[in-house]
Amino acid sequence: MKRSLTVRITLLCIAFYLYILGLLQMFPLWISVPILFAAATYLFRPINKKQRFKGYRSR
């Protein structure tokens with residue numbers, strides 16, 4: 001679990017670095033923005049999974 005979180009944070013940092021390079025016009029911004037969005041989504045995906053009560057099953 002910790003390794004997965006470390007990988008996700010590393011990917012987010014790399015994507016943010018590419019975004020900063022895009023703002024400095026050293027990397028295409030139209031490529032860096034979707035990469036940053038995908039990395040943020042990938043990082044926060046486990047937080048969005050909720051344990052939901054699906055009700056009692058009738059037999």
* Please step through side-chain contact (heavy atoms from CB on, under 4.5 Å) for the pair S32 and L29, ending with a clear verdict. => CA-CA 5 Å; S32 63; L29 193 61; 3.6 Å; yes
* Asked: If you measure from OG1 on T41 to CZ on R8, what distance do you get to the nearest 0.5 Å?
  -> 11.0 Å
* Would you please name every residue forming a side chain to side chain contact (heavy atoms under 4.5 Å, CB included) with L36, sequence neighbours left out? => L12, A15, F16, Y19
* Structure fact -> In this structure, CD1 of I35 is separated from OH of Y17 (nearest 0.5 Å) by 13.5 Å
* To do: Determine whether L43 and I9 make a side-chain contact, defined as any pair of heavy atoms from C-beta on separated by less than 4.5 Å.
  => yes
Expected list for residues 21-28: side-chain donor-acceptor pairs under 3.5 angstrom, two or more places apart:
none

* Asked: How many angstroms lie between atom CD1 of I31 and atom CG of L18, to the nearest 0.5 angstrom?
  -> 9.5 Å
